[in-house]
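What follows is a short report on a single structure.
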Amino acid sequence: MMLCASEGAKASDRILRNFLLMSAFFAANHGTVTSLIALASGALGRTLGNASSALLYFVYTLSAAFVSNYFTARFGAKKTLFAGLSIYCFYVVSYLVAYVSPPGVMWVAVLIGAVLGGFAAGIIWPAQGSYYAESAERYARETGITREAANSLLGGYFSSTYLGFEVAMKLFSSIIPMIAGETKGIVILFLFFSLVACTSAALTSTIDPLTGKDVKSCQMRVFSSSASGRSAVLTTTTRDVAPAAAAAESLDDDDADAAASLASEGGGGETTQRQPDFGKKALQALTLLVKDPKCRCMIPMNFVFGLGSSYVNGYFDGVVVTGEMGVEDVGFVSAVVVGSATVFALVYGELGRRRKGDQAPLVVWGALCISSFAAVNLAFSTSALGKWSVAVPLATLFGSGRAIWEGSFKATFADYFPNDLEAAFANVVIQSGLASTIGFFLVFAAPLYVVGGLVIFFGALAAVAQLYASRLHKRQLAGLGQKVATFDDHYVAVLSDDGLSVPGGPSTDNGETTPKADLV
């Protein structure tokens, strides 16, 4: 018994150490990319810098919509991570090549790098999610803790590592030019970023491939309760095991036994493997957008953030900070955005928890933060804005809006679309990516007030749309008239006299199986 416990401890240590290494390699590589996006307009010029960012986000949106699921399902999480981070290196190196080359070569190098970088961005996040989920499952199994606890622990480690490296890389983008001088310092900085990106990508090849169940794609497990004569089909990923067990606690004994089988190892259920599918996310996103008006209400907020991000990087960093304070200060100001978003996320997360799922007022506040940031930039000259006493509060204001978009706003998707989470978050990626593409294009192709005005317009529209979506959601819940099984304040399944069903989907009766309910 002691020997088994010791072996389990050693195994859990290896799993955790491996996950931390993956997080560090991923964060270091991705940190160089986000830092270059902030520097693009200032270092490469307003036209080329914003054109490259527009192309990057355009290809990213297409990649995420049409091929991201295919790569993870076809090649597995580790191979997709290694490939994506390696391709990212071409984007990072393209800045170094461009900066030391004549104008003709500069444009070719940066635009090719943007295409490759956008493709890489589209495939790495699903792979990272799969790797995280499998690591959490294995860690929970070896340590004996709940799946929910393992998810929370590893998620916290990844978030802190990711944000820490992003802040560090942005600080380096100011410190190095400040020490070495602007021209020479930018070359050294781009060389440093290239080395970091290539080294971290290469080291990703050393992490555990985590081959085995649930690494490549979701699985469908069918469970039935012979005592109650009810059955249900739930499509799960490795993230769903603990929630399914938690949901079982609120059902009657017979149905709880059935639901618990979903959470067990093996579970005695039938298992079928999803096949890789091109364009899956795009089709799912469009289907949900058409059938559910709440999803259409999400568009303005995604456009507020997407357009706002392009306005921050293309105008605020590229024109205000670079032109009035110097390109060496862009990293410091960008780090304020990330740092403040990290702190605000903790505050807003607690407020959202206390509101028990009603995130709409927080999301309205986030939309107002981002639109207020744009309004201030439109109202004052670059000379008035380009001071530390003004730039830092403005960066903090946008950081507040980013924290809500990353946290509270995305939490509404779990609340509003519990059966269609994969399709819901596909809408987040596609809508915000399209908005960023449009924003970066307009920053260099249209008068600067156009993007700022659009941010303000969509901010006002988002405030109204979020309140309306919240009202629709409450009406739908009030109309259910059924007992709801919950975990972590999110609706999972509904139990009524007619059987086990999922909000928004058909119920089961007399052993008939409902269409699958995606809980991805």
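- Side-chain N or O atoms of Thr80 include one that pairs as donor or acceptor with a backbone N or O of Phe71 at under 3.5 Å.
- In this structure Tyr57 satisfies the ring pair (Phe, Tyr, Trp, His ring centres under 6.0 Å) test together with Phe440, sequence neighbours excluded.
- Between Cys295 and Phe417 there is a side-chain heavy-atom pair separated by less than 4.5 Å.
- A distance-only check finds a donor-acceptor pair linking the side chain of Ser371 to the backbone of Ala367 [under 3.5 Å].
- Using modelled atom types, one side-chain atom of Thr34 and one backbone atom of Gly31 make a donor-acceptor pair closer than 3.5 Å.
- Residues meeting the side chain to side chain contact (heavy atoms under 4.5 Å, CB included) test with Cys369, sequence neighbours left out: Trp365, Leu397, Ser400.
- Thr412 places a side-chain N or O within donor-acceptor distance of the main-chain N or O of Phe409, the cut-off being under 3.5 Å.
- Ring geometry, Tyr132 versus Phe19: the interplanar angle falls from 30° to 60°, so the pair is classed tilted.
- A 4.5 Å side-chain heavy-atom check between Cys89 and Asn29 finds at least one atom pair inside the cut-off.
- Separation of atoms CD (Glu137) and CG (Asn151) is listed at 10.0 Å; rounding is to 0.5 Å.
- Interatomic distance, CG of Leu56 versus CG of Asn50, reported as 12.0 Å (0.5 Å rounding).
- Contact record, Thr146 with Ala140: O-CB, 4.0 Å, taken as the closest heavy-atom pair.
- For the side chain to side chain contact (heavy atoms under 4.5 Å, CB included) test, residues two or more places apart in sequence or in another chain that qualify with Ala375 are Ile456.
- Taking 4.5 Å as the limit, some side-chain heavy atom of Phe119 sits within range of a side-chain heavy atom of Ile123.
- Atom OG1 of Thr161 sits about 10.0 Å away from atom CG of Leu154, to the nearest 0.5 Å.
- Classification of the Tyr91-Tyr88 ring pair by plane angle, with boundaries at 30° and 60°, yields tilted.
- Pairs passing the salt bridge (charged side-chain N to carboxylate O under 4.0 Å, His left out) check and including a residue from residues 398-409, sequence neighbours excluded, read Glu166-Arg402, Arg402-Glu406, Glu406-Lys410.
- Every pair passing side chain to side chain donor-acceptor pair (under 3.5 Å) that includes a residue from residues 295-309 is listed here, sequence neighbours excluded: Asn302-Trp405, Asn302-Gln431.
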Next item on the list: With side-chain contact (heavy atoms from CB on, under 4.5 Å) as the test, would you mind laying out the steps for Val451 and Tyr315 before giving the verdict?
Entry: CA-CA 9 Å; Val451 178; Tyr315 174 70; over 6 Å; no
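- To the nearest 0.5 Å, atoms CG (Leu461) and CD (Gln466) are separated by 10.0 Å.
- Side-chain contact between Leu210 and Lys78 is absent, with no heavy-atom pair separated by less than 4.5 Å.
- The environment of Tyr162 atom OH is dense: over 12 non-hydrogen atoms of other residues, nucleotides or ligands sit within 6.0 angstrom.
- One distance of note links CD1 of Ile124 with OG of Ser86; it measures 11.0 Å at 0.5 Å rounding.
- When the side-chain hydrogen bond (donor to acceptor under 3.5 Å, both in side chains) test is applied to Tyr311, no partner is found at least two apart in sequence or on another chain.
- Inter-residue side-chain proximity for Tyr131 and Asp208 is flagged as met; some heavy-atom pair is nearer than 4.5 Å.
- Contacts of Asp292 classified as side-chain hydrogen bond (donor to acceptor under 3.5 Å, both in side chains), with partners at least two apart in sequence or in another chain: Lys294.
- Not counting sequence neighbours, the partners of Val429 by the side chain to side chain contact (heavy atoms under 4.5 Å, CB included) test are Tyr60, Ala64.
- Within the 3.5 Å criterion, the main-chain N or O of Leu307 finds a donor-acceptor partner in the side chain of Ser310.
- In this pair, Phe305 and Phe398 present their aromatic rings parallel. The plane angle is below 30°, not in the 30 to 60° band.
- Within the structure, the salt bridge (charged side-chain N to carboxylate O under 4.0 Å, His left out) test picks out the following pairs touching residues 337-352 (sequence neighbours left out): Glu350-Arg353, Glu350-Arg354.
- Residues forming a side-chain hydrogen bond (donor to acceptor under 3.5 Å, both in side chains) with Ser372 (at least two apart in sequence, or on another chain): none.
- Within 6.0 Å of atom CZ in Phe58, 12 or fewer heavy atoms from other residues, nucleotides or ligands are found, so the atom counts as exposed in its surroundings.
- Applying the side-chain hydrogen bond (donor to acceptor under 3.5 Å, both in side chains) test to Tyr157 and every residue at least two apart in sequence or in another chain returns nothing.
- Side-chain contact check for Lys170 versus Val338: some heavy-atom pair is nearer than 4.5 Å.
- Ring-plane geometry between Tyr416 and His473 is classed as tilted, the angle between the planes lying from 30 to 60 degrees on a 0 to 90 degree scale.
- Remark: Ser160 OG to Phe165 CZ distance equals 10.5 Å, nearest 0.5 Å.
- Considering only residues two or more places apart in sequence or on other chains, Ala38 meets the side chain to side chain contact (heavy atoms under 4.5 Å, CB included) condition with Asn313, Asp317, Val330, Ser334.
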